[in-house]
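What follows is a set of notes on a single structure, which appears directly below.
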There are 2 protein chains.
Amino acid sequence: MSITGFEDMLERHDLKKTRPRLSVLNILSKRQAATSQPDLEEVLGNEVDRVTLYRVLKTFEEKGIIHKILDVNGTANYAMCGPACSEHSHYDEHVHFNCTVCFRVYCLDHLAIPKLSMPHGFEAGTVNLIVYGICGDCSKKAAAYKAAEDKVSS
Amino acid sequence: MSITGFEDMLERHDLKKTRPRLSVLNILSKRQAATSQPDLEEVLGNEVDRVTLYRVLKTFEEKGIIHKILDVNGTANYAMCGPACSEHSHYDEHVHFNCTVCFRVYCLDHLAIPKLSMPHGFEAGTVNLIVYGICGDCSKKAAAYKAAEDKVSS
DNA sequence: TTTTAAAAGCATCTTAGTTGCATTTATTTT
DNA sequence: AAAATAAATGCAACTAAGATGCTTTTAAAA
């Protein structure tokens with residue numbers, strides 16, 4: 001998305017067009033995997049204050065611009081929302097994949113979360129389905145490494 | 001389970017029968033909902049050192065005695081494992097329910113996690129399905145409160 | 001009873017996330 | 001275009017979960 005696109009987006013949500021906000025949108029929109037808060041902090045360096053970053057992420061989440069996924073360590077990761085998200089409801093009911101090697105979090109948008117029937121009295125809200133495992137990149141690397149090792153030992 | 005039961009359990013896993021370990025087993029076995037680390041810490045008071053508690057929980061998890069569930073805040077919660085769990089594999093592929101009012105985590109043992117087909121190259125390991133919502137207790141309380149309010153205002 | 005490896009305890013550190021308050025700035029009003 | 005203002009940023013300090021290194025204690029074995 002272009003800069004003007006982001007500015008329009010902020011305007012639509014009644015948010016001021018500020019540098020920290022535009023920076024965050026820029027970074028997140030370029031990534032296909034979700035990005036952790038500490039990761040964002042590092043990328044932004046001292047361009048944006050740590051607390052400001054937390055607040056930007058919080059308001060973006062509330063406005064339905066990004067969504068939060070907790071990874072295997074309990075750390076918050078963020079990804080851009082699909083167009084169906086709004087201030088009032090998040091339609092991010094897709095499966096997430098958390099690689100246990102590189103810790104990246106992928107949104108598997110095409111995998112819908114199956115419907116579940118709750119026990120009597122339990123009211124279901126958001127459903128979170130996260131698969132831990134090894135991502136394509138890391139399993140490829142592991143395979144290449146193994147092949148190289150086999151060659152050496154032969 | 002009886003004290004002797006816990007002692008046998010520790011022995012089976014080649015773990016020494018120590019007070020901190022027996023205390024933790026005692027507490028967790030009495031709960032039907034999962035218990036957070038901070039909660040355990042509070043219950044144990046200065047009976048057990050904080051660090052020791054972390055280590056006890058870690059080894060129990062590794063040995064397949066308990067399993068860890070991250071709640072909506074990213075905090076670790078622990079519950080006793082079913083009999084099918086071992087050092088080598090956890091069979092805790094049931095749904096968890098995290099109440100957003102009282103923050104309790106329930107194991108919905110009877111709700112199996114549906115099978116999912118991963119994208120090419122992705123190797124799935126553990127699957128984590130957690131439903132956020134309002135538990136039976138809290139929705140009952142909310143209903144009772146509402147009823148009382150209606151009575152007053154009428 | 002002695003030995004010893006494992007576990008507990010203690011101090012200290014790291015890191016994610018929060019709170020309160022002063023300062024700055026994007027936008028609105030004049 | 002300048003002044004006003006509400007919103008957002010920046011800063012300092014705090015909280016809480018969890019980790020690490022090292023010493024002391026203790027369960028179990030010799």
Side-chain angles (χ1 to χ4, degrees), chain A residues 3-4 6-26 34-63 65-66 68-78 87 98 103 105, chain B residues 3-4 6-26 34-63 65-66 68-78 87 98 103 105:
Chain A
I3 297 287
T4 356
F6 294 143
E7 295 197 340
D8 287 353
M9 183 175 223
L10 290 175
E11 196 157 8
R12 274 201 305 282
H13 288 99
D14 286 302
L15 295 172
K16 288 187 183 171
K17 299 153 203 162
T18 63
R19 215 165 71 103
R21 286 174 179 165
L22 289 169
S23 301
V24 169
L25 287 177
N26 248 305
T35 310
S36 72
Q37 194 282 335
D39 212 10
L40 278 168
E41 207 178 306
E42 203 196 304
V43 173
L44 289 164
N46 46 13
E47 183 187 328
V48 174
D49 184 75
R50 234 166 61 78
V51 177
T52 302
L53 176 55
Y54 277 109
R55 290 198 270 234
V56 165
L57 293 170
K58 199 179 175 186
T59 57
F60 279 3
E61 201 199 349
E62 283 164 4
K63 293 285 184 174
I65 297 171
I66 61 176
K68 174 158 81 172
I69 315 112
L70 294 176
D71 68 15
V72 71
N73 309 306
T75 309
N77 282 250
Y78 297 91
E87 188 159 357
N98 189 191
F103 292 111
V105 175
Chain B
I3 296 287
T4 357
F6 292 143
E7 297 197 340
D8 287 353
M9 184 175 225
L10 290 175
E11 195 155 10
R12 274 200 305 282
H13 288 97
D14 287 302
L15 296 172
K16 288 186 183 174
K17 298 152 202 162
T18 64
R19 215 166 70 107
R21 284 174 179 166
L22 288 168
S23 301
V24 169
L25 287 178
N26 247 304
T35 310
S36 71
Q37 195 283 333
D39 212 9
L40 278 167
E41 207 178 305
E42 202 196 304
V43 173
L44 288 164
N46 45 13
E47 182 187 328
V48 173
D49 184 76
R50 235 164 62 80
V51 178
T52 302
L53 176 56
Y54 277 111
R55 290 200 269 236
V56 165
L57 293 170
K58 199 179 174 189
T59 58
F60 279 3
E61 201 198 350
E62 282 164 5
K63 293 284 184 175
I65 296 171
I66 61 176
K68 174 157 83 175
I69 315 110
L70 294 177
D71 68 17
V72 71
N73 309 305
T75 309
N77 283 249
Y78 297 92
E87 188 159 358
N98 190 190
F103 292 111
V105 175

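All of these numbers come straight from a predicted model, not from anything done at the bench. Every chain is numbered from 1 and lettered A, B, ... according to where its sequence line falls, protein lines coming before strand lines.
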key: Spacing of A/L44 atom CG relative to D/dG10 atom P, expressed in whole Å   = 10 Å
inquiry  = Counting only side-chain heavy atoms from C-beta out, which of C/dG17, D/dG10, C/dA8 sits nearest to A/D49?
reply    = D/dG10
Interatomic distance where CG belongs to B/D14 and P belongs to D/dA27 [whole Å] = 17 Å
query = What's the closest nucleotide to the B/V56 side chain, out of C/dT19, C/dA8, D/dA28?
reply = C/dA8
task = Check every atom of D/dG21, C/dA16, C/dT19 against the side chain of B/V51 and return the nucleotide holding the closest atom.
result = D/dG21
request  = Could you tell me whether the side chain of A/R50 has a donor or acceptor atom within less than 3.5 Å of a complementary atom in the base of C/dG17?
outcome  = yes
ask   = Is the backbone N or O of A/A76 less than 3.5 Å from a side-chain atom of A/D71, with the two atoms forming a donor-acceptor pair by type?
value = no
query = Which nucleotide in the list C/dA16, C/dT27, C/dA8 gets nearest to the side chain of A/K17?
reply = C/dT27
remark   = Assert: residue with more 5' nearest nucleotide on DNA chain D, out of A/R21 and B/G74, is A/R21
ask   = Is A/R19 near enough to D/dT9 that one of its side-chain N or O atoms lies under 4.0 angstrom from OP1 or OP2?
value = no
request  = State which of D/dT9, D/dG18, C/dG17 makes the closest approach to the side chain of B/A76.
outcome  = D/dG18
inquiry  = Minimum heavy-atom separation for A/H13 and A/M9, please, with both atom names.
reply    = ND1-O, 2.9 Å
message = With nearest nucleotide decided by heavy atoms, which residue, B/T59 or A/E41, maps closer to the 5′ end of DNA chain C?
response = B/T59
ask   = Does A/R55 make a side-chain donor-acceptor contact with the base of D/dG10, cut-off 3.5 Å?
value = yes
key: Length of the line joining B/H13:NE2 and C/dA6:P, which is rounded to integer Å   = 18 Å
query = Crowded around B/E42 CD? As in, over 12 foreign heavy atoms under 6.0 Å?
reply = no
task = Run the numbers on B/T52 and B/T18 for side chain to side chain contact (heavy atoms under 4.5 Å, CB included), then give the verdict.
result = CA-CA 11 Å; B/T52 302; B/T18 64; over 6 Å; no
ask   = When the distance from CG of B/L57 to P of D/dA17 is rounded to whole Å, what number comes out?
value = 13 Å
task = Between C/dT25, C/dC10, C/dT19, spot the one nearest the side chain of A/K16, thanks.
result = C/dT25
request  = Assess whether side chain to side chain contact (heavy atoms under 4.5 Å, CB included) is satisfied between A/N73 and B/L70, documenting all intermediate values.
outcome  = CA-CA 8 Å; A/N73 309 306; B/L70 294 177; over 6 Å; no
ask   = Between A/F60 (CZ) and D/dT9 (C1'), how many Å, whole number?
value = 14 Å
task = Could you tell me whether the phosphate oxygens of C/dG9, OP1 or OP2, come under 4.0 Å of any side-chain nitrogen or oxygen in B/T52?
result = yes
query = Between D/dT9 and A/T18, is there an OP1 or OP2 to side-chain N/O distance shorter than 4.0 Å?
reply = yes
query = Once you round it to whole Å, what is the distance between C1' of C/dA16 and CG of A/D39?
reply = 14 Å
key: Interatomic distance, B/K63 NZ vs C/dA6 P [rounded to whole Å]   = 11 Å
remark   = Atom OH of B/Y54 and atom P of D/dG18 are separated, to the nearest Å, by 4 Å
ask   = Short question: side chain of A/N77, backbone of A/T75 - any donor-acceptor pair under 3.5 Å?
value = yes
